[in-house]
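Heavy-atom basis, side chains included; hydrogens, waters and symmetry copies ignored. Worth saying up front: this structure is predicted, and the values here are computed from it rather than measured.
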Number of protein chains: 2
Amino acid sequence: MADAPRSGDEERTAVVRRIPEATVARLPLYLRSLFELAAADVTTVSSERLADLCGVNAAKVRKDLSHLGSYGTRGVGYDVGVLLSQISRELGLTQDWAIAIVGLGNLGHALANYRGFGARGFRIVGLFDADPARVGELVAGIRVRHVDDLPHVAAETPIAIGIIAVPAAVAQQVADRLVEAGVVSILNFAPAIITVPERVSLRKVDLSIELQILSFYSQRRAAKGDATATEATA
Amino acid sequence: MADAPRSGDEERTAVVRRIPEATVARLPLYLRSLFELAAADVTTVSSERLADLCGVNAAKVRKDLSHLGSYGTRGVGYDVGVLLSQISRELGLTQDWAIAIVGLGNLGHALANYRGFGARGFRIVGLFDADPARVGELVAGIRVRHVDDLPHVAAETPIAIGIIAVPAAVAQQVADRLVEAGVVSILNFAPAIITVPERVSLRKVDLSIELQILSFYSQRRAAKGDATATEATA
DNA sequence: GCATGTGAATAGATTCACAGCG
DNA sequence: CGCTGTGAATCTATTCACATGC
(Lines give C-alpha, C1' and ligand atoms only; values in the text may rest on other atoms or scores of the structure.)
Protein backbone atom coordinates (compact mmCIF):
# COMPACT_ATOMS: atom_id res chain seq x y z
CA MET A 1 0.00 0.00 0.00
CA ALA A 2 2.89 2.32 0.65
CA ASP A 3 6.47 2.26 -0.45
CA ALA A 4 8.17 -0.36 1.63
CA PRO A 5 11.19 0.55 3.65
CA ARG A 6 14.21 -0.56 1.72
CA SER A 7 17.40 -1.62 3.38
CA GLY A 8 20.64 -0.72 1.69
CA ASP A 9 22.44 -3.93 2.41
CA GLU A 10 20.60 -7.09 3.22
CA GLU A 11 23.58 -8.83 4.78
CA ARG A 12 24.30 -7.54 8.22
CA THR A 13 26.09 -8.84 11.23
CA ALA A 14 23.02 -9.72 13.25
CA VAL A 15 19.47 -10.54 12.35
CA VAL A 16 17.89 -7.21 11.59
CA ARG A 17 14.31 -7.82 12.61
CA ARG A 18 12.26 -6.75 9.66
CA ILE A 19 8.97 -5.52 10.98
CA PRO A 20 6.27 -5.47 8.29
CA GLU A 21 4.91 -2.07 7.45
CA ALA A 22 1.37 -3.13 8.31
CA THR A 23 2.56 -4.17 11.72
CA VAL A 24 4.33 -0.87 12.35
CA ALA A 25 1.10 0.93 11.55
CA ARG A 26 -0.72 -1.09 14.20
CA LEU A 27 1.81 -0.83 17.01
CA PRO A 28 0.62 2.67 18.01
CA LEU A 29 -2.87 1.25 18.27
CA TYR A 30 -1.77 -1.46 20.63
CA LEU A 31 0.22 1.05 22.59
CA ARG A 32 -2.79 3.23 23.21
CA SER A 33 -4.89 0.35 24.47
CA LEU A 34 -2.04 -0.81 26.65
CA PHE A 35 -1.85 2.62 28.25
CA GLU A 36 -5.52 2.44 29.01
CA LEU A 37 -5.11 -1.01 30.52
CA ALA A 38 -2.17 0.14 32.59
CA ALA A 39 -4.16 3.14 33.79
CA ALA A 40 -6.83 0.71 34.94
CA ASP A 41 -4.17 -1.30 36.78
CA VAL A 42 -4.56 -4.30 34.52
CA THR A 43 -1.27 -6.19 34.51
CA THR A 44 -1.90 -8.98 32.04
CA VAL A 45 -3.68 -9.09 28.73
CA SER A 46 -4.42 -11.82 26.22
CA SER A 47 -4.13 -11.37 22.49
CA GLU A 48 -7.87 -11.82 22.33
CA ARG A 49 -8.59 -9.01 24.77
CA LEU A 50 -6.10 -6.65 23.18
CA ALA A 51 -7.51 -7.45 19.77
CA ASP A 52 -10.99 -6.56 20.96
CA LEU A 53 -9.82 -3.26 22.36
CA CYS A 54 -8.10 -2.37 19.11
CA GLY A 55 -10.75 -3.68 16.80
CA VAL A 56 -8.49 -6.20 15.13
CA ASN A 57 -8.14 -9.96 14.95
CA ALA A 58 -6.37 -11.90 17.73
CA ALA A 59 -4.12 -13.85 15.38
CA LYS A 60 -2.97 -10.58 13.89
CA VAL A 61 -2.07 -9.24 17.32
CA ARG A 62 -0.04 -12.34 18.09
CA LYS A 63 1.79 -12.28 14.79
CA ASP A 64 2.47 -8.56 15.11
CA LEU A 65 3.84 -8.93 18.61
CA SER A 66 5.89 -11.94 17.62
CA HIS A 67 7.82 -9.67 15.26
CA LEU A 68 9.10 -7.78 18.29
CA GLY A 69 10.20 -10.97 19.98
CA SER A 70 8.51 -13.31 22.38
CA TYR A 71 7.23 -11.33 25.28
CA GLY A 72 4.12 -13.34 26.10
CA THR A 73 3.58 -16.26 28.45
CA ARG A 74 1.75 -19.28 27.11
CA GLY A 75 -1.40 -20.04 28.97
CA VAL A 76 -1.36 -16.57 30.52
CA GLY A 77 -0.97 -13.72 28.07
CA TYR A 78 1.20 -10.64 27.84
CA ASP A 79 2.45 -8.48 30.66
CA VAL A 80 1.05 -5.02 30.05
CA GLY A 81 4.10 -3.20 31.40
CA VAL A 82 6.54 -5.28 29.42
CA LEU A 83 4.61 -4.82 26.19
CA LEU A 84 4.32 -1.10 26.81
CA SER A 85 8.03 -0.69 27.11
CA GLN A 86 8.87 -3.02 24.24
CA ILE A 87 6.53 -1.29 21.83
CA SER A 88 7.59 2.17 23.00
CA ARG A 89 11.19 1.26 22.43
CA GLU A 90 10.44 -0.25 19.05
CA LEU A 91 8.60 2.89 17.96
CA GLY A 92 11.40 5.10 19.18
CA LEU A 93 9.27 6.80 21.78
CA THR A 94 11.86 6.51 24.49
CA GLN A 95 13.67 9.45 22.99
CA ASP A 96 11.86 12.62 22.16
CA TRP A 97 11.44 14.03 18.73
CA ALA A 98 11.59 17.70 17.90
CA ILE A 99 8.69 18.85 15.76
CA ALA A 100 8.22 21.95 13.66
CA ILE A 101 4.90 23.05 12.24
CA VAL A 102 4.89 25.15 9.11
CA GLY A 103 1.71 27.05 8.38
CA LEU A 104 -0.42 28.48 11.18
CA GLY A 105 -3.81 28.79 9.61
CA ASN A 106 -6.74 27.05 11.24
CA LEU A 107 -5.19 23.64 10.88
CA GLY A 108 -1.76 24.71 12.07
CA HIS A 109 -3.33 26.24 15.16
CA ALA A 110 -5.26 23.07 15.81
CA LEU A 111 -2.14 20.97 15.46
CA ALA A 112 -0.08 23.27 17.66
CA ASN A 113 -2.69 23.02 20.39
CA TYR A 114 -3.09 19.30 20.01
CA ARG A 115 -2.70 17.62 23.37
CA GLY A 116 -0.87 14.37 23.15
CA PHE A 117 2.28 15.70 21.58
CA GLY A 118 4.18 16.36 24.73
CA ALA A 119 2.40 13.35 26.15
CA ARG A 120 4.97 10.99 24.83
CA GLY A 121 7.97 11.43 22.67
CA PHE A 122 7.07 14.56 20.75
CA ARG A 123 7.87 18.18 21.46
CA ILE A 124 7.12 21.22 19.34
CA VAL A 125 10.24 23.29 18.95
CA GLY A 126 9.19 25.62 16.20
CA LEU A 127 6.20 27.24 14.54
CA PHE A 128 6.67 28.89 11.19
CA ASP A 129 4.59 30.92 8.79
CA ALA A 130 5.28 32.97 5.70
CA ASP A 131 2.68 35.62 6.54
CA PRO A 132 4.36 38.57 8.34
CA ALA A 133 1.02 39.24 10.05
CA ARG A 134 1.26 35.92 11.83
CA VAL A 135 4.94 36.12 12.73
CA GLY A 136 5.40 37.03 16.38
CA GLU A 137 2.01 35.68 17.38
CA LEU A 138 2.03 33.36 20.37
CA VAL A 139 0.45 29.96 19.65
CA ALA A 140 0.34 27.27 22.29
CA GLY A 141 2.91 29.28 24.18
CA ILE A 142 5.37 29.34 21.30
CA ARG A 143 6.24 32.35 19.23
CA VAL A 144 5.63 32.04 15.51
CA ARG A 145 8.71 32.75 13.42
CA HIS A 146 9.09 33.52 9.79
CA VAL A 147 9.66 30.50 7.63
CA ASP A 148 12.90 32.10 6.43
CA ASP A 149 14.26 31.56 9.93
CA LEU A 150 13.84 27.83 9.59
CA PRO A 151 17.53 27.19 8.84
CA HIS A 152 18.63 29.26 11.85
CA VAL A 153 16.26 27.54 14.22
CA ALA A 154 17.08 24.11 12.86
CA ALA A 155 20.79 24.81 13.22
CA GLU A 156 20.31 25.51 16.91
CA THR A 157 17.77 22.80 17.66
CA PRO A 158 17.78 20.02 15.10
CA ILE A 159 14.27 19.27 13.89
CA ALA A 160 13.34 15.63 13.36
CA ILE A 161 9.79 15.92 12.13
CA GLY A 162 8.26 18.65 10.02
CA ILE A 163 4.52 19.10 9.74
CA ILE A 164 3.25 20.84 6.62
CA ALA A 165 0.00 22.72 7.14
CA VAL A 166 0.20 25.24 4.31
CA PRO A 167 -1.89 25.60 1.15
CA ALA A 168 -1.32 23.00 -1.54
CA ALA A 169 0.32 25.49 -3.86
CA VAL A 170 3.32 26.01 -1.60
CA ALA A 171 3.54 22.58 0.00
CA GLN A 172 6.37 21.39 -2.21
CA GLN A 173 8.56 24.39 -1.57
CA VAL A 174 7.98 24.11 2.17
CA ALA A 175 8.95 20.45 1.95
CA ASP A 176 12.13 21.44 0.12
CA ARG A 177 12.99 23.95 2.81
CA LEU A 178 12.37 21.43 5.55
CA VAL A 179 14.58 18.88 3.86
CA GLU A 180 17.27 21.49 3.37
CA ALA A 181 17.06 22.30 7.07
CA GLY A 182 17.85 18.68 7.84
CA VAL A 183 14.37 17.38 8.63
CA VAL A 184 14.20 13.64 8.03
CA SER A 185 10.49 12.97 8.53
CA ILE A 186 7.59 14.90 7.11
CA LEU A 187 3.89 14.74 7.77
CA ASN A 188 1.98 16.50 5.01
CA PHE A 189 -1.50 17.86 5.59
CA ALA A 190 -1.63 19.85 2.37
CA PRO A 191 -3.80 18.33 -0.36
CA ALA A 192 -0.90 18.00 -2.75
CA ILE A 193 1.56 15.34 -3.77
CA ILE A 194 5.02 16.27 -2.68
CA THR A 195 8.27 14.50 -3.34
CA VAL A 196 11.27 14.27 -1.08
CA PRO A 197 14.66 12.58 -1.27
CA GLU A 198 14.59 8.90 -0.58
CA ARG A 199 16.25 9.27 2.80
CA VAL A 200 13.31 11.31 4.09
CA SER A 201 10.19 9.61 5.43
CA LEU A 202 6.95 11.05 4.19
CA ARG A 203 3.41 10.45 5.28
CA LYS A 204 0.32 12.34 4.36
CA VAL A 205 -3.06 13.05 5.86
CA ASP A 206 -5.64 14.23 3.40
CA LEU A 207 -9.13 15.12 4.46
CA SER A 208 -10.67 15.34 1.03
CA ILE A 209 -9.32 11.96 0.05
CA GLU A 210 -10.86 10.42 3.15
CA LEU A 211 -14.19 12.01 2.34
CA GLN A 212 -14.08 10.78 -1.21
CA ILE A 213 -13.37 7.26 -0.06
CA LEU A 214 -16.35 7.44 2.27
CA SER A 215 -18.39 8.80 -0.60
CA PHE A 216 -17.48 5.78 -2.69
CA TYR A 217 -18.66 3.31 -0.09
CA SER A 218 -21.79 5.32 0.69
CA GLN A 219 -22.76 5.28 -2.92
CA ARG A 220 -21.93 1.63 -3.20
CA ARG A 221 -24.12 0.92 -0.23
CA ALA A 222 -26.95 3.00 -1.64
CA ALA A 223 -26.73 1.25 -4.99
CA LYS A 224 -26.94 -2.25 -3.65
CA GLY A 225 -29.13 -2.87 -0.65
CA ASP A 226 -26.24 -4.01 1.38
CA ALA A 227 -23.79 -3.09 4.07
CA THR A 228 -20.21 -2.09 3.76
CA ALA A 229 -17.67 -1.07 6.29
CA THR A 230 -14.17 0.20 6.10
CA GLU A 231 -11.46 1.04 8.52
CA ALA A 232 -8.65 3.23 7.59
CA THR A 233 -5.48 5.21 7.67
CA ALA A 234 -3.06 2.59 8.76
CA MET B 1 -5.06 -3.37 5.40
CA ALA B 2 -8.59 -2.43 6.30
CA ASP B 3 -11.76 -4.44 6.50
CA ALA B 4 -12.82 -5.12 2.98
CA PRO B 5 -16.28 -4.17 1.85
CA ARG B 6 -18.40 -7.27 1.94
CA SER B 7 -21.23 -7.86 -0.42
CA GLY B 8 -24.27 -9.60 0.90
CA ASP B 9 -25.01 -11.70 -2.10
CA GLU B 10 -22.33 -12.51 -4.60
CA GLU B 11 -24.71 -13.53 -7.34
CA ARG B 12 -26.32 -10.54 -8.98
CA THR B 13 -27.94 -9.88 -12.28
CA ALA B 14 -25.03 -8.09 -13.88
CA VAL B 15 -21.31 -8.13 -13.25
CA VAL B 16 -20.86 -6.05 -10.14
CA ARG B 17 -17.47 -4.53 -10.73
CA ARG B 18 -15.49 -5.20 -7.60
CA ILE B 19 -13.06 -2.38 -7.19
CA PRO B 20 -10.18 -3.29 -4.87
CA GLU B 21 -9.94 -1.22 -1.75
CA ALA B 22 -6.41 -0.12 -2.59
CA THR B 23 -7.68 1.18 -5.91
CA VAL B 24 -10.53 3.12 -4.32
CA ALA B 25 -8.01 4.82 -2.07
CA ARG B 26 -6.02 5.98 -5.08
CA LEU B 27 -8.86 7.22 -7.26
CA PRO B 28 -9.09 10.55 -5.40
CA LEU B 29 -5.39 11.01 -6.07
CA TYR B 30 -5.86 10.53 -9.78
CA LEU B 31 -8.84 12.82 -9.70
CA ARG B 32 -6.85 15.66 -8.23
CA SER B 33 -4.11 15.38 -10.81
CA LEU B 34 -6.69 15.18 -13.57
CA PHE B 35 -8.26 18.42 -12.36
CA GLU B 36 -4.88 20.06 -12.52
CA LEU B 37 -4.31 18.75 -16.03
CA ALA B 38 -7.74 19.94 -17.13
CA ALA B 39 -7.07 23.34 -15.61
CA ALA B 40 -3.93 23.49 -17.73
CA ASP B 41 -5.98 22.56 -20.82
CA VAL B 42 -4.28 19.22 -21.22
CA THR B 43 -6.71 16.89 -22.96
CA THR B 44 -4.82 13.61 -23.04
CA VAL B 45 -2.65 11.86 -20.50
CA SER B 46 -0.67 8.63 -20.51
CA SER B 47 -0.59 6.25 -17.58
CA GLU B 48 3.07 7.13 -17.23
CA ARG B 49 2.45 10.84 -16.94
CA LEU B 50 -0.45 10.43 -14.55
CA ALA B 51 1.62 8.04 -12.47
CA ASP B 52 4.41 10.61 -12.22
CA LEU B 53 1.99 13.29 -11.09
CA CYS B 54 0.56 11.04 -8.41
CA GLY B 55 3.80 9.51 -7.28
CA VAL B 56 2.79 5.97 -8.16
CA ASN B 57 3.77 3.33 -10.68
CA ALA B 58 2.37 3.38 -14.23
CA ALA B 59 1.28 -0.25 -14.22
CA LYS B 60 -0.68 0.46 -11.08
CA VAL B 61 -2.46 3.35 -12.73
CA ARG B 62 -3.42 1.22 -15.70
CA LYS B 63 -4.65 -1.64 -13.56
CA ASP B 64 -6.60 0.72 -11.33
CA LEU B 65 -8.25 2.43 -14.27
CA SER B 66 -8.99 -0.89 -15.92
CA HIS B 67 -11.22 -1.70 -12.93
CA LEU B 68 -13.48 1.16 -13.98
CA GLY B 69 -13.66 -0.11 -17.54
CA SER B 70 -11.64 0.63 -20.62
CA TYR B 71 -11.54 4.33 -21.14
CA GLY B 72 -8.09 4.66 -22.66
CA THR B 73 -6.95 4.61 -26.26
CA ARG B 74 -4.02 2.39 -27.12
CA GLY B 75 -1.09 4.24 -28.52
CA VAL B 76 -2.53 7.52 -27.24
CA GLY B 77 -3.50 7.53 -23.60
CA TYR B 78 -6.54 8.60 -21.63
CA ASP B 79 -8.84 11.51 -22.33
CA VAL B 80 -8.64 13.79 -19.32
CA GLY B 81 -12.27 14.83 -19.45
CA VAL B 82 -13.57 11.31 -19.81
CA LEU B 83 -11.47 10.05 -16.94
CA LEU B 84 -12.53 12.95 -14.77
CA SER B 85 -16.16 12.16 -15.21
CA GLN B 86 -15.74 8.40 -14.90
CA ILE B 87 -13.79 8.66 -11.67
CA SER B 88 -16.12 11.31 -10.27
CA ARG B 89 -19.08 9.12 -10.99
CA GLU B 90 -17.39 6.08 -9.51
CA LEU B 91 -16.56 7.96 -6.33
CA GLY B 92 -20.08 9.26 -6.06
CA LEU B 93 -19.05 12.87 -6.44
CA THR B 94 -21.76 13.67 -8.92
CA GLN B 95 -24.22 13.91 -6.09
CA ASP B 96 -23.47 15.97 -3.05
CA TRP B 97 -23.07 14.66 0.42
CA ALA B 98 -24.32 16.38 3.52
CA ILE B 99 -21.70 16.61 6.24
CA ALA B 100 -22.00 17.31 9.94
CA ILE B 101 -19.07 18.15 12.18
CA VAL B 102 -19.33 17.33 15.85
CA GLY B 103 -16.90 19.12 18.11
CA LEU B 104 -15.80 22.68 17.42
CA GLY B 105 -12.54 22.93 19.22
CA ASN B 106 -9.45 23.93 17.29
CA LEU B 107 -9.70 20.99 14.96
CA GLY B 108 -13.43 21.33 14.37
CA HIS B 109 -12.92 24.97 13.46
CA ALA B 110 -10.15 24.06 11.09
CA LEU B 111 -12.29 21.41 9.44
CA ALA B 112 -15.30 23.70 9.19
CA ASN B 113 -13.19 26.31 7.44
CA TYR B 114 -11.50 23.81 5.19
CA ARG B 115 -11.77 24.93 1.57
CA GLY B 116 -12.37 22.07 -0.75
CA PHE B 117 -15.53 20.81 0.83
CA GLY B 118 -17.99 22.76 -1.21
CA ALA B 119 -15.51 22.42 -4.04
CA ARG B 120 -16.88 19.13 -5.07
CA GLY B 121 -19.54 16.91 -3.69
CA PHE B 122 -19.48 17.88 -0.03
CA ARG B 123 -21.54 20.41 1.86
CA ILE B 124 -21.55 21.14 5.57
CA VAL B 125 -25.11 21.13 6.82
CA GLY B 126 -24.51 21.09 10.54
CA LEU B 127 -22.03 21.97 13.25
CA PHE B 128 -22.54 20.57 16.72
CA ASP B 129 -20.94 20.91 20.10
CA ALA B 130 -21.82 19.86 23.62
CA ASP B 131 -20.40 22.99 25.21
CA PRO B 132 -23.20 25.56 25.75
CA ALA B 133 -20.58 28.30 25.46
CA ARG B 134 -19.96 27.32 21.86
CA VAL B 135 -23.55 26.84 20.85
CA GLY B 136 -24.82 29.77 18.84
CA GLU B 137 -21.37 30.75 17.66
CA LEU B 138 -21.04 31.30 13.94
CA VAL B 139 -18.34 29.18 12.34
CA ALA B 140 -17.70 29.32 8.61
CA GLY B 141 -21.05 31.03 8.30
CA ILE B 142 -22.94 28.27 10.04
CA ARG B 143 -24.46 28.49 13.47
CA VAL B 144 -23.24 25.90 15.97
CA ARG B 145 -26.04 23.89 17.50
CA HIS B 146 -26.15 21.76 20.58
CA VAL B 147 -25.36 18.13 19.93
CA ASP B 148 -28.73 17.24 21.45
CA ASP B 149 -30.32 18.86 18.39
CA LEU B 150 -28.63 16.35 16.11
CA PRO B 151 -31.75 14.20 15.69
CA HIS B 152 -33.90 17.23 14.83
CA VAL B 153 -31.46 18.58 12.30
CA ALA B 154 -30.88 15.17 10.77
CA ALA B 155 -34.61 14.60 10.47
CA GLU B 156 -34.94 17.76 8.41
CA THR B 157 -31.78 17.40 6.35
CA PRO B 158 -30.47 13.85 6.26
CA ILE B 159 -26.77 13.72 7.08
CA ALA B 160 -24.61 11.34 5.06
CA ILE B 161 -21.23 11.87 6.64
CA GLY B 162 -20.41 12.67 10.24
CA ILE B 163 -17.05 14.02 11.28
CA ILE B 164 -16.01 13.42 14.86
CA ALA B 165 -13.68 16.07 16.26
CA VAL B 166 -14.32 15.67 19.97
CA PRO B 167 -12.04 14.43 22.76
CA ALA B 168 -11.31 10.71 22.79
CA ALA B 169 -13.34 10.14 25.91
CA VAL B 170 -16.64 11.04 24.25
CA ALA B 171 -15.91 9.86 20.73
CA GLN B 172 -17.83 6.62 21.07
CA GLN B 173 -20.98 8.24 22.38
CA VAL B 174 -20.88 10.83 19.62
CA ALA B 175 -20.52 8.03 17.12
CA ASP B 176 -23.53 6.32 18.64
CA ARG B 177 -25.58 9.50 18.36
CA LEU B 178 -24.54 9.97 14.76
CA VAL B 179 -25.50 6.44 13.88
CA GLU B 180 -28.81 6.86 15.65
CA ALA B 181 -29.42 10.00 13.62
CA GLY B 182 -29.05 7.95 10.47
CA VAL B 183 -25.49 8.83 9.49
CA VAL B 184 -23.97 6.07 7.36
CA SER B 185 -20.37 7.25 7.06
CA ILE B 186 -18.12 8.49 9.81
CA LEU B 187 -14.72 10.08 9.74
CA ASN B 188 -13.14 9.95 13.18
CA PHE B 189 -10.42 12.40 14.21
CA ALA B 190 -10.52 11.48 17.87
CA PRO B 191 -7.61 9.38 19.07
CA ALA B 192 -9.86 6.53 20.13
CA ILE B 193 -11.10 3.29 18.67
CA ILE B 194 -14.79 3.48 18.06
CA THR B 195 -17.12 0.79 16.84
CA VAL B 196 -20.16 1.18 14.66
CA PRO B 197 -22.73 -1.17 13.16
CA GLU B 198 -21.51 -3.03 10.12
CA ARG B 199 -23.69 -1.01 7.76
CA VAL B 200 -21.81 2.18 8.68
CA SER B 201 -18.53 3.06 6.98
CA LEU B 202 -15.83 4.23 9.31
CA ARG B 203 -12.47 5.77 8.62
CA LYS B 204 -10.10 7.40 11.00
CA VAL B 205 -7.41 10.02 10.91
CA ASP B 206 -5.07 9.95 13.82
CA LEU B 207 -2.27 12.43 14.19
CA SER B 208 -0.43 10.72 16.98
CA ILE B 209 -0.41 7.42 15.14
CA GLU B 210 1.11 9.09 12.11
CA LEU B 211 3.78 10.67 14.26
CA GLN B 212 4.59 7.39 15.92
CA ILE B 213 4.97 5.69 12.57
CA LEU B 214 7.36 8.42 11.47
CA SER B 215 9.20 8.00 14.73
CA PHE B 216 9.66 4.31 14.01
CA TYR B 217 11.22 4.91 10.63
CA SER B 218 13.33 7.80 11.90
CA GLN B 219 14.77 5.61 14.59
CA ARG B 220 15.28 2.80 12.13
CA ARG B 221 17.15 5.15 9.87
CA ALA B 222 19.27 6.45 12.71
CA ALA B 223 20.13 2.93 13.83
CA LYS B 224 21.31 1.71 10.47
CA GLY B 225 23.13 4.12 8.20
CA ASP B 226 20.46 3.79 5.60
CA ALA B 227 17.44 5.39 4.08
CA THR B 228 13.80 4.57 4.46
CA ALA B 229 10.74 6.13 3.01
CA THR B 230 7.08 5.63 3.54
CA GLU B 231 3.95 6.95 1.98
CA ALA B 232 0.69 6.85 3.77
CA THR B 233 -2.92 7.17 4.65
CA ALA B 234 -4.50 5.51 1.71
C1' DG C 1 -5.76 -26.50 30.36
C1' DC C 2 -4.93 -22.51 27.99
C1' DA C 3 -2.99 -18.84 25.34
C1' DT C 4 1.20 -17.99 22.81
C1' DG C 5 3.99 -18.44 18.74
C1' DT C 6 4.34 -19.99 14.13
C1' DG C 7 4.34 -22.82 9.93
C1' DA C 8 1.07 -23.41 6.20
C1' DA C 9 -2.91 -21.81 3.53
C1' DT C 10 -5.33 -18.09 1.66
C1' DA C 11 -6.26 -13.63 0.10
C1' DG C 12 -4.93 -9.29 -1.70
C1' DA C 13 -1.89 -5.93 -3.97
C1' DT C 14 1.95 -4.84 -6.83
C1' DT C 15 4.85 -5.44 -10.55
C1' DC C 16 6.34 -7.53 -14.75
C1' DA C 17 6.15 -8.28 -19.45
C1' DC C 18 3.88 -8.56 -23.52
C1' DA C 19 -0.12 -9.35 -26.60
C1' DG C 20 -3.33 -6.45 -28.87
C1' DC C 21 -5.07 -2.50 -30.87
C1' DG C 22 -5.45 2.21 -32.51
C1' DC D 1 5.15 2.38 -33.34
C1' DG D 2 3.35 3.51 -28.70
C1' DC D 3 0.49 2.86 -25.03
C1' DT D 4 -3.28 0.38 -23.07
C1' DG D 5 -5.12 -3.63 -20.93
C1' DT D 6 -4.21 -7.85 -18.67
C1' DG D 7 -2.63 -12.60 -17.62
C1' DA D 8 1.11 -14.42 -14.84
C1' DA D 9 4.62 -13.93 -11.32
C1' DT D 10 5.84 -11.95 -7.16
C1' DC D 11 5.48 -9.93 -2.91
C1' DT D 12 2.93 -8.65 1.25
C1' DA D 13 -0.53 -9.31 4.56
C1' DT D 14 -4.14 -11.94 6.82
C1' DT D 15 -6.06 -15.89 8.67
C1' DC D 16 -6.15 -20.63 10.06
C1' DA D 17 -4.97 -24.32 12.94
C1' DC D 18 -2.15 -26.56 15.99
C1' DA D 19 2.22 -27.84 18.25
C1' DT D 20 4.55 -25.89 22.12
C1' DG D 21 5.40 -24.72 26.69
C1' DC D 22 4.07 -22.46 30.87
Side-chain angles (χ1 to χ4, degrees), chain A residues 1-7 10 15 17-27 29-30 42-80 82-83 86 213 230-234, chain B residues 1-7 10 15 17-27 29-30 42-52 54-80 82-83 86 213 229-234:
Chain A
M1 186 145 283
D3 298 340
R6 305 165 327 114
S7 77
E10 297 301 332
V15 181
R17 269 197 303 263
R18 170 158 298 288
I19 299 185
E21 208 185 334
T23 295
V24 172
R26 279 187 298 267
L27 291 179
L29 221 59
Y30 302 151
V42 176
T43 57
T44 300
V45 68
S46 68
S47 60
E48 192 103 30
R49 175 109 179 74
L50 188 53
D52 275 359
L53 290 170
C54 298
V56 302
N57 163 307
K60 205 185 273 185
V61 169
R62 290 201 298 279
K63 181 137 295 194
D64 283 345
L65 295 182
S66 78
H67 289 298
L68 313 188
S70 297
Y71 298 115
T73 310
R74 288 162 200 249
V76 179
Y78 300 89
D79 181 274
V80 171
V82 171
L83 262 197
Q86 291 304 332
I213 295 172
T230 322
E231 190 197 313
T233 310
Chain B
M1 188 144 280
D3 298 340
R6 305 164 327 113
S7 78
E10 297 301 333
V15 181
R17 272 197 301 263
R18 169 157 297 289
I19 300 187
E21 208 186 335
T23 294
V24 172
R26 278 188 298 265
L27 290 179
L29 222 58
Y30 301 151
V42 175
T43 57
T44 300
V45 67
S46 68
S47 59
E48 190 103 32
R49 175 110 179 72
L50 188 53
D52 275 0
C54 299
V56 303
N57 162 306
K60 205 184 274 183
V61 170
R62 290 200 298 278
K63 180 135 301 191
D64 283 344
L65 296 182
S66 78
H67 289 298
L68 312 188
S70 297
Y71 298 116
T73 309
R74 290 161 199 249
V76 178
Y78 301 88
D79 182 273
V80 172
V82 171
L83 262 197
Q86 291 304 331
I213 295 173
T230 322
E231 189 197 313
T233 309

Could you give the [atom1]-to-[atom2] distance, from [X] to [N], as a whole number of Å?
{"X": "B/Lys60", "N": "D/dG5", "atom1": "NZ", "atom2": "P", "answer": "18 Å"}
{"X": "B/Asn57", "N": "C/dA17", "atom1": "CG", "atom2": "P", "answer": "12 Å"}
{"X": "B/Ile19", "N": "C/dG12", "atom1": "CD1", "atom2": "P", "answer": "15 Å"}
{"X": "B/Arg26", "N": "C/dG12", "atom1": "CZ", "atom2": "C1'", "answer": "12 Å"}
{"X": "A/Glu48", "N": "D/dT15", "atom1": "CD", "atom2": "C1'", "answer": "14 Å"}
{"X": "A/Glu21", "N": "D/dC11", "atom1": "CD", "atom2": "C1'", "answer": "13 Å"}
{"X": "A/Asp64", "N": "D/dA13", "atom1": "CG", "atom2": "C1'", "answer": "10 Å"}
{"X": "A/Gln86", "N": "C/dG5", "atom1": "CD", "atom2": "P", "answer": "12 Å"}

Quiz item: Excluding sequence neighbours, so at least two apart, what forms side chain to side chain contact (heavy atoms under 4.5 Å, CB included) with A/Asn57?
Solution: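 With sequence neighbours excluded, A/Asn57 shows a side chain to side chain contact (heavy atoms under 4.5 Å, CB included) to A/Ala59, A/Lys60, given in chain and number order.
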Quiz item: How would you list, by chain and number, every residue that makes a side chain to side chain contact (heavy atoms under 4.5 Å, CB included) with A/Asp52, sequence neighbours excluded?
Solution: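 Not a single residue meets the side chain to side chain contact (heavy atoms under 4.5 Å, CB included) criterion with A/Asp52.
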Indicate the atoms forming the closest heavy-atom contact of [X] with [Y], along with that distance.
{"X": "B/Tyr78", "Y": "B/Ser46", "value": "CD1-C, 4.5 Å"}
{"X": "A/Val82", "Y": "A/Asp79", "value": "N-OD1, 2.9 Å"}
{"X": "B/Ile213", "Y": "A/Ala25", "value": "CD1-CA, 3.8 Å"}
{"X": "B/Ser47", "Y": "B/Arg62", "value": "OG-NH1, 3.1 Å"}

Quiz item: Of the candidate nucleotides C/dT14, C/dT4, D/dT6, which contains the atom at the shortest distance from the side chain of B/Ser66?
Solution: D/dT6
Quiz item: If you check every side-chain atom of B/Tyr78, which of D/dA13, D/dT15, D/dG5 has the closest atom?
Solution: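 Closest of the options to the side chain of B/Tyr78: D/dG5.
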Which atom pairs, one a donor and one an acceptor, fall under 3.5 Å between side chains of residues 65-73 of chain B and the rest of the protein, sequence neighbours left out?
from	atom 1	to	atom 2	distance (Å)
B/Ser66	OG	B/Lys63	O	2.7
B/Tyr71	OH	B/Gln86	OE1	3.1

Quiz prompt | Contact under 4.0 Å: B/Lys63 side-chain N or O vs D/dG5 OP1/OP2 | solution =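 Looking at the OP1 and OP2 atoms of D/dG5, neither is under 4.0 Å from any side-chain N or O of B/Lys63.
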Practice problem: Ignoring backbone atoms, establish whether B/Ser47 has a side-chain N or O less than 4.0 Å from OP1 or OP2 of D/dC3. | Solution: no
Practice problem: Answer whether the closest heavy-atom distance between the side chains of A/Leu50 and A/Leu83 falls below 4.5 Å. | Solution: yes
Exercise. Any chance you could list the contact pattern along nucleotides 17-22 of chain D? Use B for base contacts, S for sugar-phosphate-only contacts and - for none, protein heavy atoms under 4.0 Å, 5' to 3'.
Key: B-BBBB
Practice problem: Five pairs at each end of the helix from C/dG1-D/dC22 to C/dG22-D/dC1: take the axis at both ends and give me the angle between them to 10°. | Solution: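 The two end axes of the helix from C/dG1-D/dC22 to C/dG22-D/dC1 meet at 10°.
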Quiz item: For B/Arg49, which residues count as a side chain to side chain donor-acceptor pair (under 3.5 Å) partner, sequence neighbours excluded?
Solution: none
